[in-house]
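In what follows, a single structure is set out as structure tokens and then discussed.
Values in this document were obtained by computation on a predicted structure and should not be read as measured data.
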Amino acid sequence: MDTSIKNGAAASQPVSRGKRLALVFFGIFLLLSGLALGVGGVELISLGGSWYYLLAGLGLVLAGVLYIRRKPLASAIVAVLVLATLAWAVWEIGFAFWPMVPRLAPFLVIGFAAAIVHPWLAARRAGGQSRAFAALFAVLLVAGFASMFRPHGVQEATVQPQQDAVAAVNDGSANWAHYSNGPEGTRFAPFTQIDKQNVGQLQVAWTYRTGELAVGASESQNTPLQIGDTVYTCTPTSKVIALDADTGQERWIFDSKPGNTKTWNRCRGVGYYEPAKVTKPFQFSGLQAASVPEAGACARRIVQVTMDARLIEIDAQTGKLCEGFGDKGAVDLMLGLGKVRMNVPYYAYTSAPTVVRNLIILGGWVFDGRSIDEPSGVIRAYSADTGELVWAWDWAIRTSPSCRRKAKATRAARRTCGPRPPSMMRWAWCICRWGTSSPISGVASVRR
């Protein structure tokens with residue numbers, strides 16, 4: 001028998017129909033992924049960003065077409081993309097683990113799949129080399145996944161944190177008018193009747209059931225306020241309830257009837273505003289003076305943000321809306337946030353509003369990681385008297401030149417630039433303090 005024919009027959013085997021279909025599907029996947037990456041890359045370039053994503057997208061499109069046509073050159077292009085992505089990632093962010101993960105992980109998966117299907121493209125069998133490369137990619141993926149459960153980039157403070165002394169002052173009242181009692185957030189209660197010797201002897205005086213169950217997207221997490229002889233509480237679906245502090249008897253209930261976001265139904269507390277008790281209101285040019293309440297209406301107000309992002313004020317005495325606040329008692333917090341999709345939701349507010357003299361200051365909760373154009377976590381202050389927007393503060397627009405340029409060009413600048421502040425804040429000495437999360441982590445203090 002002819003040896004060359006025998007060796008040639010052993011070196012080349014026909015590819016089955018199933019493998020050919022697998023190559024086509026893999027090629028279509030790379031093609032579509034490349035198109036999506038390329039479109040995003042064009043938008044990023046228009047904003048002054050990296051050209052890498054457009055170039056990588058074009059490479060994936062080319063590789064996808066070649067896989068569909070069963071050309072061995074496809075494997076070489078994937079190899080170049082993997083190496084180029086590694087070089088670009090190291091150049092851009094060094095060897096920082098977490099920034100490296102989203103840059104490399106997709107291409108390691110693509111490289112693993114490419115190594116598996118490469119023998120189906122080669123004119124001669126290359127199973128041994130392909131299996132070796134597939135094993136290498138698999139080891140890198142497993143090692144990367146395991147490394148996610150280890151600390152990376154831990155930074156320890158080299159100086160002691162500043163401890164601002166906050167005096168625990170008894171204002172002479174028995175009110176609990178803020179989430180943490182006082183505006184400084186000390187949670188200090190100036191009461192001596194209950195101490196560590198008798199606290200174990202406390203018994204339940206009364207119980208009130210709201211009728212709402214902690215099911216689905218709802219959880220009861222509120223801290224009630226007590227003003228005088230009335231306790232004010234709220235439910236996950238934004239109902240506000242006033243109870244007699246001594247008996248637990250219901251005095252009134254207000255239902256704002258919000259739209260159910262079905263994602264994060266919470267009310268961690270309400271705010272309290274009493275205009276007559278504000279001795280040094282903040283002054284702002286153009287801010288309308290509060291209308292004089294008629295017959296004592298809304299002389300004391302409960303401030304609430306509903307789960308569908310409306311800021312409302314309720315008469316603490318009657319449980320009715322304060323019609324002079326905002327639009328018949330409500331302010332739409334979605335205004336000015338850019339594109340907001342309520343079915344996600346992109347923006348929500350769950351914590352007790354922060355009432356600072358004659359201002360209501362709000363952060364907000366933004367659903368991170370859902371879109372590149374989700375709303376910003378802008379900090380906003382509203383007049384506690386009229387509901388007017390007094391100021392808005394966006395960290396990134398103030399600190400990032402590219403975001404400032406974008407802000408001048410479009411109202412949607414806050415959609416991609418801003419921080420994600422939690423809605424709980426504390427204030428003292430005309431300074432508000434809040435924490436932020438993605439995309440910039442840290443703590444900021446701004447003097448008002």
Side-chain angles (χ1 to χ4, degrees), residues 5 7-46 49-93 99-148 369-372:
I5 296 176
N7 291 340
S12 179
Q13 293 183 356
V15 178
S16 67
R17 183 173 181 271
K19 293 178 179 179
R20 291 197 300 270
L21 287 176
L23 288 172
V24 170
F25 287 132
F26 184 50
I28 292 174
F29 169 76
L30 294 183
L31 178 61
L32 295 177
S33 300
L35 290 174
L37 196 62
V39 170
V42 171
E43 182 180 2
L44 188 62
I45 292 171
S46 69
S50 172
W51 281 70
Y52 163 79
Y53 297 94
L54 174 61
L55 298 177
L58 294 175
L60 287 176
V61 169
L62 179 58
V65 171
L66 292 175
Y67 272 111
I68 293 173
R69 300 183 63 186
R70 296 170 54 198
K71 299 294 184 181
L73 182 59
S75 298
I77 293 177
V78 170
V80 170
L81 280 174
V82 172
L83 294 175
T85 301
L86 175 61
W88 166 75
V90 172
W91 172 79
E92 187 173 61
I93 47 90
M100 188 75 76
V101 169
R103 289 168 171 83
L104 286 186
F107 284 92
L108 291 179
V109 173
I110 290 174
F112 173 77
I116 294 294
V117 303
H118 176 68
W120 308 341
L121 293 174
R124 294 180 297 174
R125 289 186 58 84
Q129 295 179 353
S130 297
R131 285 192 292 271
F133 278 108
L136 175 61
F137 283 117
V139 168
L140 291 175
L141 287 169
V142 171
F145 180 77
S147 297
M148 291 182 178
R370 290 302 182 100
S371 173
I372 61 173

Please tabulate, for side-chain N and O atoms in residues 101-115, each donor-acceptor pair with protein atoms closer than 3.5 Å (sequence neighbours left out).
residue : atom : partner : partner atom : Å
Arg103  : NE   : Glu92   : OE1          : 2.9
Arg103  : NH1  : Pro99   : O            : 2.6
Arg103  : NH2  : Glu92   : OE1          : 3.0

Residue pairs, two or more places apart or on separate chains, that pass ring-ring contact (aromatic ring centres under 6.0 Å, His included) and touch residues 70-93: Tyr52-Trp88, Tyr53-Trp88
Apply side-chain contact (heavy atoms from CB on, under 4.5 Å) to Ile45 and list each qualifying residue two or more places apart in sequence or on a separate chain. Trp51, Leu54
Tell me every residue that passes side-chain contact (heavy atoms from CB on, under 4.5 Å) with Phe25, counting only those two or more places apart in sequence or in another chain. Leu21
Would you say that more than 12 heavy atoms from the other residues, nucleotides or ligands in this model lie under 6.0 Å from the CZ of Phe133, or not? no
Report, one line per pair, each donor and acceptor closer than 3.5 Å where one atom sits in a side chain of residues 64-75; sequence neighbours left out.
residue : atom : partner : partner atom : Å
Ser75   : OG   : His118  : ND1          : 2.7

Nearest heavy-atom pair of Gly59 and Leu81: which atoms, and what distance? C-CD1, 3.7 Å
To the nearest 0.5 Å, atom CG of Leu55 lies from atom CG of Leu60 at 11.0 Å
For residues 29-36, run the donor-acceptor check on the side chains, cut-off 3.5 Å, and write out each pair with its distance to 0.1 Å, sequence neighbours left out.
residue : atom : partner : partner atom : Å
Ser33   : OG   : Phe29   : O            : 2.8

